[in-house]
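In what follows, a single structure is set out as structure tokens and then discussed.
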Amino acid sequence: MGSAVQDADLRLIYFDIRGFAEPLRWMLTMKNVPFVDERMPLDAWASQRKRSSGGGGGGVGNLTTKPTDAKTKRKNSLNAATLLRFKKYVGQLPILYDGDDFVLTQTLTVMRYLARKLGFNGVTELEEAKADEVADLVYDLRLRAVDYEGSAFNSATPDVVRHTVFRDFANAPESKAKEKMRQDFITMYFPLYFSKFASILETSGGNYIAGENLTYGDLTLVNFIEVVETLLDPNCLAEFPTLRALKEKIFAIPEIDKWRKDQQADQEESGFPENG
């Protein structure tokens, strides 16, 4: 899977979607850091959640059957050790292992740790603060979408819906409530937040969201933009040419360009990674 090697010191565990983890994978890839890219199928997560709450029999062995084809092999990549790990770490992903003894959880904590470790947190306190602000705003915007769960869409994984919210939205049947959510984002939330992103970019005095240097804030924002373009509104950047230019600049980075092409090939072969 991309840069993944089984003897790497870094092991990233996340769902088989892009979600919050894609910027982490990009940072590692750009710095040519070997890492194990361990992806947990969402359907296995949902099944294990039901078992954990008494909603079905069986055990983790049911999730580790031998695959019979490429797609099944990828979907059954989960193993018993992974399930035990996510139980130990409060049932949330991502989980980042750095060596044998250092383990981190929580999305923004993992993101900021890798940004500092790999040099994507800016070179000044101001750049770091701006990158943090953008990442927090992206997270906040996802939470706005979570508010519609139960009306515009229902999630099969409600305990981790902030990771899957736009995928859940796209997969939901059309309804008045779903259309209301779409219009709320098109007319209210995207203009509000994207105007803020554009303002930060345009006042940074540099080529990137925080200034002259590429930060994890750029990667987090661009990943989010592509997800919502694909799953909610393909025209969300129509009024924001500077954000569109930023996205094109990030996607032109050779390592990211190659990663995205490789991921597209994986998706065509085996059905993931999915947008989310």
Side-chain angles (χ1 to χ4, degrees), residues 1-30 33-49 60-98 103-107 110-111 113-114 142 155-157 159-168 170-171 219-220 223-224 226-227 230-231 255-256 258-276:
M1 258 181 245
S3 302
V5 291
Q6 291 304 312
D7 57 353
D9 288 334
L10 286 168
R11 179 181 297 271
L12 176 64
I13 305 172
Y14 192 65
F15 304 108
D16 57 347
I17 59 173
R18 294 176 57 187
F20 288 113
E22 203 71 354
L24 305 175
R25 297 167 181 143
W26 289 348
M27 285 190 281
L28 291 161
T29 299
M30 278 188 283
V33 175
F35 70 103
V36 176
D37 187 6
E38 188 169 336
R39 308 195 186 194
M40 180 180 294
L42 278 169
D43 53 359
W45 178 277
S47 298
Q48 178 62 17
R49 179 174 173 272
V60 295
N62 293 336
L63 302 178
T64 57
T65 56
K66 290 185 178 180
T68 57
D69 54 61
K71 182 174 182 179
T72 305
K73 182 177 180 181
R74 300 296 291 272
K75 285 294 184 182
N76 286 346
S77 63
L78 189 60
N79 55 47
T82 300
L83 290 172
L84 292 174
R85 283 197 295 270
F86 93 71
K87 282 185 176 181
K88 182 177 179 181
Y89 298 112
V90 300
Q92 294 293 328
L93 299 182
I95 298 172
L96 179 72
Y97 286 80
D98 191 348
V103 186
L104 276 182
T105 64
Q106 301 303 309
T107 299
V110 172
M111 199 168 290
Y113 172 75
L114 277 185
R142 275 185 171 267
S155 177
T157 52
D159 54 331
V160 294
V161 65
R162 64 189 178 280
H163 298 267
T164 64
V165 59
F166 293 107
R167 175 183 182 275
D168 294 334
N171 289 338
L219 306 179
T220 303
N223 178 62
F224 175 82
E226 187 178 41
V227 167
T230 304
L231 299 178
E255 295 86 354
I256 292 181
K258 182 179 185 304
W259 174 268
R260 295 178 71 243
K261 288 176 180 176
D262 289 346
Q263 297 305 291
Q264 180 63 37
D266 281 350
Q267 186 175 36
E268 291 173 356
E269 176 188 353
S270 56
F272 85 91
E274 300 176 6
N275 278 303

Query - Distance, nearest 0.5 Å, that separates CD of Gln263 from CG of Asp37 - result: 7.0 Å
Query raised in the report: If we only count heavy atoms from C-beta on, is the Arg11 to Ile13 side-chain gap below 4.5 Å?
Result: yes
Query - Point-to-point distance, once rounded to the nearest 0.5 Å, from CE of Met111 to CG of Leu104 - result: 12.5 Å
Query raised in the report: In Å, rounded to the nearest 0.5 Å, how long is the span from CZ of Arg25 to CG of Leu12?
Result: 6.0 Å
Report task. May I have the step-by-step check of side-chain contact (heavy atoms from CB on, under 4.5 Å) for Arg18 and Thr230, ending in yes or no? Result -> CA-CA 12 Å; Arg18 294 176 57 187; Thr230 304; 5.6 Å; no
Query raised in the report: Going through the distances and angles, do Phe20 and Arg162 end up as a side-chain contact (heavy atoms from CB on, under 4.5 Å)?
Result: CA-CA 9 Å; Phe20 288 113; Arg162 64 189 178 280; 4.3 Å; yes
Query - Distance, nearest 0.5 Å, that separates CD1 of Ile95 from CD of Gln106 - result: 10.0 Å
Query raised in the report: Among all residues two or more places apart in sequence or in another chain, which pass the salt bridge (Lys or Arg N to Asp or Glu O under 4.0 Å) test with Arg260?
Result: Glu226
Query raised in the report: Can you check whether Leu10 reaches Pro34 side chain to side chain, under 4.5 Å on heavy atoms?
Result: no
Query raised in the report: Can you tell me how far CG of Leu219 sits from CG of Leu24, rounded to the nearest 0.5 angstrom?
Result: 9.5 Å
**Report entry** Side chain to side chain, Thr107 and Pro94, heavy atoms closer than 4.5 Å
**Finding:** yes
Query raised in the report: So do the side chains of Leu28 and Leu114 get within less than 4.5 Å of each other, counting heavy atoms only?
Result: yes
Query raised in the report: Is there a side-chain contact between Val161 and Asp168, using heavy atoms and a 4.5 Å cut-off?
Result: yes
Query raised in the report: Roughly how far, to the nearest 0.5 Å, is the CH2 atom of Trp259 from the OG1 atom of Thr29?
Result: 4.5 Å
Query raised in the report: Closest heavy-atom contact between Asn223 and Gly19?
Result: ND2-O, 2.9 Å
Query raised in the report: Below 4.5 Å, heavy atoms only, C-beta onward: do Leu96 and Val103 meet side chain to side chain?
Result: no
Report task. Answer yes or no: is there a side-chain heavy-atom contact under 4.5 Å between His163 and Phe15? Result -> yes
Requested in this report: Check the pair Ser155 / Thr164 against side-chain contact (heavy atoms from CB on, under 4.5 Å), numbers first and verdict last.
Outcome: CA-CA 8 Å; Ser155 177; Thr164 64; 3.8 Å; yes
Query raised in the report: When the aromatic ring centroids of Phe35 and Tyr97 are compared, is their separation below 6.0 Å?
Result: no
Query raised in the report: Between Trp26 and Glu255, does any side-chain donor sit less than 3.5 Å from a side-chain acceptor?
Result: no
